[in-house]
Amino acid sequence: MVTLTIDDKQVSVEKDATIYDAAKAAGINIPILCHDKKLKPFGACRMCLVEVEQMKGRLIPACTTPVTEGMIVRSSTPPVDKARKLVLELLMLNHPLDCPVCDKGGDCELQNLAYDHKVNSNRLADEKFHHEIDYNNPLIERDQNRCVLCGKCVRICDEIVARGALTFISRGIETKIGTEFDGPLSCEFCGSCISVCPVGALLARPFKFKSRFWAMTKKKSVCGYCGTGCNVTLGVKDNKVLTTVYDENQGFHNGQLCVRGRFGYQFISSDKRLKNPLIRKNGQLVEAGWDEALSLVVERLKEAGSAAAALATPRMTNEELVLLKQLMTQQVGSQNIDHSAGYGHAAVSEGLGKSLGVAASSATILDIQKSNLILAIKTDVYETHPVVGFEINMAVKNKGASLQIVSDKRGKLSRLPGANLLLNKPGSDVALLNAVAKVLVDENLAVTPATAELAAALNDFTPEKVAELTGVAADAIRGLARAYAAAEKAIILFTAGLAYPGADAQLAHAAANLAILGGKLGKEGSGILALQEKNNSQGALDVGFIPGAGGLDAQQILAGCANGSVKTLLIAGENPVVSYPGQLSVKKALDAVEFLVVADLFLTETAQMADVVLPVCSYAEKEGTFTSTDRRVQKIAAVIPAIGQSRSEFQVYGELIRQLGGQPAVTPAEAFAQISAYAGISYNELGEAGAFPSLKLQPVQVVPKATTAAVEPGKFALLTGAALYHCGTMSLHGEGTVSVCGEAYVELSRSDAAKMNIAEGAEVKLTSAAGTVCVKARISPRMPEGVVFAPYHFADAPINTVWSGAAVTGVTISK
């Protein structure tokens with residue numbers, strides 16, 4: 001620690017702190033424009049100038065000057081104030097004074113500093129800039145006339161997002177923030193640049209002219225999209241969510257959000273939200289009252305009894321899942337309950353459950369930056385969990401972590417410095433991991449000896465043999481094994497969820513074996529992190545929303561609907577017609593079931609088939625907890641009243657339980673107390689940081705069954721998954737995300753496109769044994785020859801028409 005004195009206050013800080021950090025720790029405000037705690041010190045704006053007694057004769061930038069023992073600092077003296085005022089005058093020399101119509105008015109750091117330093121006139125004069133304003137994309141408006149060249153947008157795009165879409169161009173008075181060849185902005189539209197811009201040079205277009213900053217209330221919540229568990233602040237006015245507000249002190253991610261979290265909020269206050277219950281009468285869904293709708297649901301659940309079933313979305317709170325489980329298992333008498341986390345998360349529920357003794361990740365997101373080696377398997381987290389991608393980027397660039405990737409397609413991760421990509425054939429991931437384990441055993445690199453059963457099983461996975469199966473050279477496999485073994489701390493990541501076929505229990509077993517053999521479990525910066533798809537996928541597992549003894553899982557429930565053994569099906573927040581594989585069979589099942597109840601925010605493709613539709617609340621209208629993919633339990637509270645007559649699912653299932661003679665938990669706190677996995681965590685004491693439940697690992701070496709998915713000659717291997725801009729089907733109701741990615745597509749390699757004479761954007765037909773779908777072609781350098789990728793979110797051209805759920809589906813492509 002270093003002790004220094006600032007404005008007569010003595011303060012002790014870490015050795016690597018700057019004067020600005022020390023002043024902040026002492027509660028002393030030093031004005032800044034170019035500084036952000038997530039970014040490396042830059043020292044561009046000179047607003048933070050201070051006097052240091054040991055450096056007399058010049059003013060010192062506080063944000064870039066490291067502290068030294070005994071340093072004496074004055075943050076506000078006449079020379080300092082004079083210098084800052086001059087800086088502001090220079091900044092405002094060319095800056096347009098259009099504050100009345102600038103969306104940043106009231107939230108502008110330049111405006112605030114001018115006020116604080118009483119810059120009400122300017123001794124200097126010059127011509128204003130006349131840069132053309134960039135309106136070329138739907139989400140980010142760039143007005144370089146307002147830019148103060150702090151460089152925060154450039155740095156955050158490079159240092160954290162790893163996109164590098166912005167840069168300084170030209171020199172001297174002509175300097176400006178530009179893009180590649182000074183053209184339109186071409187980026188991922190995560191909006192990180194907007195979040196740190198201190199003025200109105202970068203604005204969120206969806207929010208433009210919606211409200212002045214001071215007219216909104218700012219309310220904190222947890223993002224309802226993927227499993228990362230990012231904290232968000234929602235800007236609310238007139239009971240509508242109008243925007244997200246940047247808060248650098250929020251969450252493990254310091255306020256950083258992806259495009260979905262920042263621009264996908266519009267679904268909350270959408271005019272398309274369901275506002276009243278609907279009941280099918282004479283073949284049409286017509287509005288009804290809650291009493292009539294719930295009475296009908298009670299009647300049909302009671303009649304069905306054990307022939308009833310429920311499918312739930314892991315977007316519900318833990319407490320809502322507790323009540324729905326109670327409703328089905330105790331009041332209705334059915335063990336037929338499942339959720340998409342159970343349906344598509346066999347890697348966690350079955351794989352990690354058996355290999356680690358707990359159906360959960362052993363590592364946390366915070367471990368990523370503490371690790372020496374990151375092994376990303378079958379995932380590009382920049383697409384699936386973008387903020388986790390930011391963490392990886394910072395671990396690689398700032399901490400020197402080694403990045404090893406095993407994937408069937410290239411991705412943004414593979415472009416990070418020093419990244420080592422082992423590009424394997426689709427469906428051969430488990431065989432490849434087994435070969436890595438084989439090397440650990442054969443070269444005596446294993447910290448924990450392999451069991452005889454595992455060692456014997458690995459004999460079929462020599463690097464040479466697996467090289468033929470996977471297309472990865474034997475030496476590369478050995479290199480990966482040696483690097484993993486040599487790392488003091490290593491973390492393994494893979495994605496799990498409905499859209500990630502092949503990320504199953506066997507993959508989890510194979511990954512867990514590496515962690516066990518390598519001695520990489522149970523310590524900081526090491527372990528396994530399964531990146532689950534939805535915001536509460538882990539919570540659904542912790543609550544135990546899975547089939548009870550003798551109960552049916554999701555696939556069996558749908559089969560039961562088709563054959564008549566399931567009479568009444570309650571679907572809570574899921575849209576299986578679009579999101580489940582095998583669309584034709586899903587539709588047949590839902591057509592066949594006697595009575596279908598759907599609780600949702602929107603009249604989805606599934607809700608349109610229902611007999612009763614119940615309008616329910618979004619995460620912004622209710623209270624409860626979500627559990628992120630790394631087991632962090634976080635509390636949310638309502639930030640706006642319920643839309644229309646919609647009710648929280650806590651209210652809906654509580655009322656159904658009461659009408660069926662049961663006693664539901666009266667408050668979310670009571671329901672939370674019933675979750676045994678969260679024993680020791682107090683609902684009422686959950687703070688902003690949330691809490692991690694205790695985890696007792698019981699590692700077991702399980703022999704993974706490796707299969708390889710061969711595709712017939714002449715066909716392409718179809719991979720499915722998430723697009724960067726969408727998570728499930730909910731983001732299709734976010735105007736921001738849809739504006740940049742609003743239709744289905746298939747990615748194929750340049751060489752394949754050239755062979756078939758397919759141009760970018762051309763409509764092509766994908767055909768498999770299951771069916772045919774027409775989508776736009778996207779020609780991409782990340783796809784290997786013979787492999788195509790299609791996101792699964794889009795109802796207009798559902799990829800599950802051709803995708804049956806297999807790890808790899810063979811398709812033909814025609815024009």
Side-chain angles (χ1 to χ4, degrees), residues 1-88 91 108-110 112-118 148-156 158-160 195-198 231 246-256 366 369-370 391 394-395 397-400 687-689:
M1 300 293 284
V2 170
T3 301
L4 66 159
T5 303
I6 307 178
D7 295 346
D8 299 325
K9 278 189 178 179
Q10 201 169 64
V11 59
S12 295
V13 291
E14 298 286 342
K15 285 181 181 176
D16 59 354
T18 63
I19 293 174
Y20 176 81
D21 296 330
K24 198 171 181 182
I28 296 167
N29 179 48
I30 293 178
I32 50 170
L33 278 173
C34 71
H35 179 79
D36 187 285
K37 71 177 187 181
K38 293 191 294 294
L39 303 174
K40 295 172 184 171
F42 193 55
C45 71
R46 284 335 202 218
M47 277 305 298
C48 65
L49 293 173
V50 295
E51 284 187 345
V52 177
E53 189 167 307
Q54 292 87 344
M55 302 179 185
K56 281 184 176 175
R58 58 195 174 108
L59 299 177
I60 305 298
C63 77
T64 57
T65 305
V67 296
T68 58
E69 185 66 33
M71 182 180 266
I72 299 173
V73 180
R74 297 283 176 190
S75 73
S76 181
T77 64
V80 165
D81 294 341
K82 184 179 177 183
R84 288 177 184 162
K85 194 165 183 174
L86 176 61
V87 168
L88 287 169
L91 287 174
C108 173
E109 291 177 36
L110 181 63
N112 294 340
L113 290 172
Y115 184 86
D116 291 344
H117 290 77
K118 301 178 179 58
V148 293
L149 296 176
C150 67
K152 286 161 83 171
C153 56
V154 175
R155 291 145 58 208
I156 202 164
D158 175 42
E159 294 178 21
I160 295 180
S195 70
V196 295
C197 180
N231 294 178
Y246 175 56
D247 179 354
E248 68 168 355
N249 296 314
Q250 197 170 19
F252 74 89
H253 49 101
N254 297 315
Q256 196 74 10
L366 296 173
Q369 290 206 53
K370 299 171 184 171
E391 294 290 307
M394 289 188 280
K397 287 185 176 173
N398 300 342
K399 309 285 177 67
E688 276 190 29

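Heavy atoms only, all atoms of each residue included: A22 and L4 are closest at CB-CD2, 4.0 Å.
Residue pairs meeting the salt bridge (Lys or Arg N to Asp or Glu O under 4.0 Å) criterion with at least one partner in residues 49-65, sequence neighbours excluded, are absent. For residues 41-83, no pair satisfies ring pair (Phe, Tyr, Trp, His ring centres under 6.0 Å), with sequence neighbours left out.
In this structure the side chain of L49 reaches within 4.5 angstrom of the side chain of P61, judged on heavy atoms. Looking at heavy atoms from C-beta onward, V73 lies in side-chain contact with V52 at the 4.5 angstrom threshold. Residues H117 and M47 meet the side-chain proximity criterion, which asks for heavy atoms closer than 4.5 Å. No side-chain heavy atom of K152 sits less than 4.5 Å from a side-chain heavy atom of C197. Between V2 and K15, the closest side-chain pair of non-hydrogen atoms falls below 4.5 Å.
A donor-acceptor pair under 3.5 Å is formed between the side chain of R155 and the backbone N or O of C34. With D116 contributing its side chain and L113 its backbone, the two residues share no donor-acceptor pair below 3.5 Å. Without hydrogens or angle criteria, N231 side chain to Q250 main chain gives no donor-acceptor distance under 3.5 Å. Side-chain atoms of E69 come within 3.5 Å of backbone atoms of T3 as a donor-acceptor pair (strictly under, hydrogens ignored).
With rounding to the nearest 0.5 Å, the separation of NZ in K24 from NE2 in H35 is 6.5 Å. From L39, atom CG reaches atom SG of C150 across 9.5 Å, with rounding to the nearest 0.5 Å. Of the inter-residue distances, the one linking L33 atom CG with R46 atom CZ reads 13.0 Å to the nearest 0.5 angstrom. Between atom CD1 of residue I60 and atom CD of residue Q54 there is a gap of 10.5 Å, rounded to the nearest 0.5 Å.
For K37, the side chain to side chain contact (heavy atoms under 4.5 Å, CB included) partners two or more places apart in sequence, or in a different chain, are E248, N249, N254.
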The test is side chain to side chain contact (heavy atoms under 4.5 Å, CB included); show your working for V67 and E14 and say whether it passes. CA-CA 9 Å; V67 296; E14 298 286 342; over 6 Å; no
